[in-house]
Amino acid sequence: MIFQKRERTFESPQHFALELRMGPYIPDIDSDPALRGQNPWHQTFGDPYQSIFGTSQRLLVAAEFDWQAVHFPHIGSLGPGISIGYTSMAAPARRADNHAVYLPGETTTLSVYPMYAVAVFRFDALNKDFGVPLVPYAKAGLGMALWRASTDIGTSSANGQQGEGHTYGYQVAGGIGLDLNAFDRGSAHSFDETVGVNHTYIYAEWMFMALDGIGQSTALRVGSSTWVTGLALEF
């Protein structure tokens, strides 16, 4: 199949991108060597996260905002991006001294707010110059997550330490977007004229959030390797 270089029609100025994202998420807590081996909980009950919350995937929802600061003609765009997300998992609360005894009516909850600041490169020459509606991209930068473990009566604590904090790390990702403008250019042109949205994409992305505590002596590992999908708007 031979793609024709498509004629460029009027487009409003393009400087930013907004992504709405979702995907499965399991925090990487049990990979921490400090929670395994001779750790009393691990010796008695097994991996801490899995023994409490199981192995079911949880849902991550997030939003990302990118500034396409530099446009390279016939190549793509490069600029910074920031994101914040949320995921939560819950299970029946258990006594700290007896894993098999459930506390009636109480729930243990772990809430995680992953966020990151990355450099984003989008290779959009295939789409803009040749009419192939695919835009590969890559991201890399620093990540952080706020987290809180709680029960129905408030924030959890163990050995005098509160069950809340933050974890630093890094973020890398790669994906590909499908430009929906290719399927209805008339509506896309009208959308651009009305609200200034140049392109609308659906996309699939693999991301690796290595939130294992850069520069921290102790940190809860709440990152994950997962895929996300969603809707992206360039404007």
Side-chain angles (χ1 to χ4, degrees), residues 11-28 57-71 76-90 109-124 127 133-148 150 164-181 187-188 191-192 194-212 214 220-235:
E11 291 181 352
S12 61
Q14 178 184 316
H15 302 292
F16 305 101
L18 175 65
E19 296 181 2
L20 303 177
R21 313 157 57 78
M22 64 176 60
Y25 200 94
I26 294 181
D28 201 24
Q57 299 273 8
R58 266 56 177 196
L59 179 66
L60 170 72
V61 293
E64 178 179 324
F65 183 78
D66 302 337
W67 175 31
Q68 298 177 345
V70 181
H71 290 266
S77 65
L78 177 67
I82 57 174
S83 174
I84 184 168
Y86 170 75
T87 186
S88 179
M89 48 286 304
T109 302
L110 175 64
S111 300
V112 184
Y113 299 85
M115 56 193 77
Y116 55 78
V118 291
V120 184
F121 174 72
R122 300 180 190 274
F123 178 67
D124 58 16
N127 188 28
L134 298 175
V135 177
Y137 61 86
K139 307 174 183 178
L142 298 177
M144 186 187 80
L146 304 177
W147 54 267
R148 178 175 182 261
S150 62
E164 60 184 355
H166 60 277
T167 305
Y168 297 120
Y170 64 88
Q171 168 93 10
V172 294
I176 189 166
L178 174 64
D179 188 357
L180 301 181
N181 289 13
S187 295
F191 195 33
D192 191 7
T194 304
V195 296
V197 173
N198 303 91
H199 300 274
T200 302
Y201 301 91
I202 55 173
Y203 64 91
E205 173 184 310
W206 180 259
M207 72 174 188
F208 177 48
M209 300 188 72
L211 300 177
D212 53 7
I214 293 178
L220 190 67
R221 297 187 176 190
V222 291
S224 185
S225 299
T226 188
W227 60 267
V228 294
T229 187
L231 183 72
L233 306 174
E234 287 184 324
F235 54 96

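Keep in mind it's a predicted model, so treat the numbers as computed, not measured. Note: hydrogens, waters and symmetry copies are ignored here, and every other heavy atom, side chains too, is used.
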Nearest-0.5 Å distance that lies between atom OG1 in Thr226 and atom CE in Met22: 12.5 Å
Interatomic distance, Ile82 atom CD1 to Ile84 atom CD1 [nearest 0.5 angstrom]: 9.0 Å
With sequence neighbours excluded, residues passing side chain to side chain donor-acceptor pair (under 3.5 Å) with Thr167: Trp147
Residues that Asp212 engages under side chain to side chain donor-acceptor pair (under 3.5 Å), provided they are two or more places apart: none
Counterpart residues, side chain to side chain donor-acceptor pair (under 3.5 Å), relative to Tyr201 (two or more places apart): Glu234
Side chain to side chain contact (heavy atoms under 4.5 Å, CB included) involving Asp66 - partner list, sequence neighbours excluded: Ala17, Glu19, Glu64, Val120, Arg122
Validation row: Pro27, Ser224 side chains within 4.5 angstrom (heavy atoms): no
Ala90 to Thr109 - nearest heavy-atom pair and separation: CB-OG1, 3.9 Å
Side-chain donor or acceptor of Asp28 paired with backbone N/O of Ala210 under 3.5 Å: no
Partners passing side chain to side chain donor-acceptor pair (under 3.5 Å) against Ser187 (at least two apart in sequence or in another chain): Asp184
With sequence neighbours excluded, residues passing salt bridge (Lys or Arg N to Asp or Glu O under 4.0 Å) with Arg221: none
Shortest non-hydrogen contact from Met144 toward Leu211: N-CD2, 3.7 Å
All ring pair (Phe, Tyr, Trp, His ring centres under 6.0 Å) counterparts of Tyr86, not counting sequence neighbours: Tyr113
Test ring pair (Phe, Tyr, Trp, His ring centres under 6.0 Å) applied to Tyr203 - qualifying residues, sequence neighbours left out: none
For His15, ring pair (Phe, Tyr, Trp, His ring centres under 6.0 Å) partners two or more places apart: none
Nearest-0.5 Å distance that lies between atom CZ in Arg58 and atom CD1 in Ile26: 7.5 Å
Contacts of type side chain to side chain contact (heavy atoms under 4.5 Å, CB included), residue Ala69, not counting sequence neighbours: Trp67, Pro80
Any donor-acceptor pair under 3.5 Å from Asp192 side chain to His199 backbone: no
Partner residues of Phe235 under the ring pair (Phe, Tyr, Trp, His ring centres under 6.0 Å) criterion, sequence neighbours left out: Phe16
Sub-4.5 Å side-chain heavy-atom contact between Leu134 and Leu178: yes
Interatomic distance, His71 atom NE2 to Ser77 atom OG [nearest 0.5 angstrom]: 5.5 Å
Minimal non-hydrogen separation, Pro114 against Leu60, with atom names: CG-CD1, 4.0 Å
Interatomic spacing from CE in Met89 to CG in Leu59 - rounded to 0.5 Å: 10.0 Å
Selection residues 201-211 - residue pairs positive for salt bridge (Lys or Arg N to Asp or Glu O under 4.0 Å), sequence neighbours left out: Arg21-Glu205, Lys139-Glu205
Rounded distance [0.5 Å steps], CD1 in Ile202 versus CG in Asp179: 10.5 Å
Residues Tyr170, Tyr116; criterion side chain to side chain contact (heavy atoms under 4.5 Å, CB included); working and verdict: CA-CA 8 Å; Tyr170 64 88; Tyr116 55 78; over 6 Å; no
Nearest non-hydrogen partners of Gly196 and Ser12, listed with the distance: O-OG, 3.4 Å
Taking every non-hydrogen atom, the tightest pair across Gly76 and Asp124: CA-OD1, 3.2 Å
Considering all heavy atoms, the nearest Pro24-Gln57 contact: CB-OE1, 3.4 Å
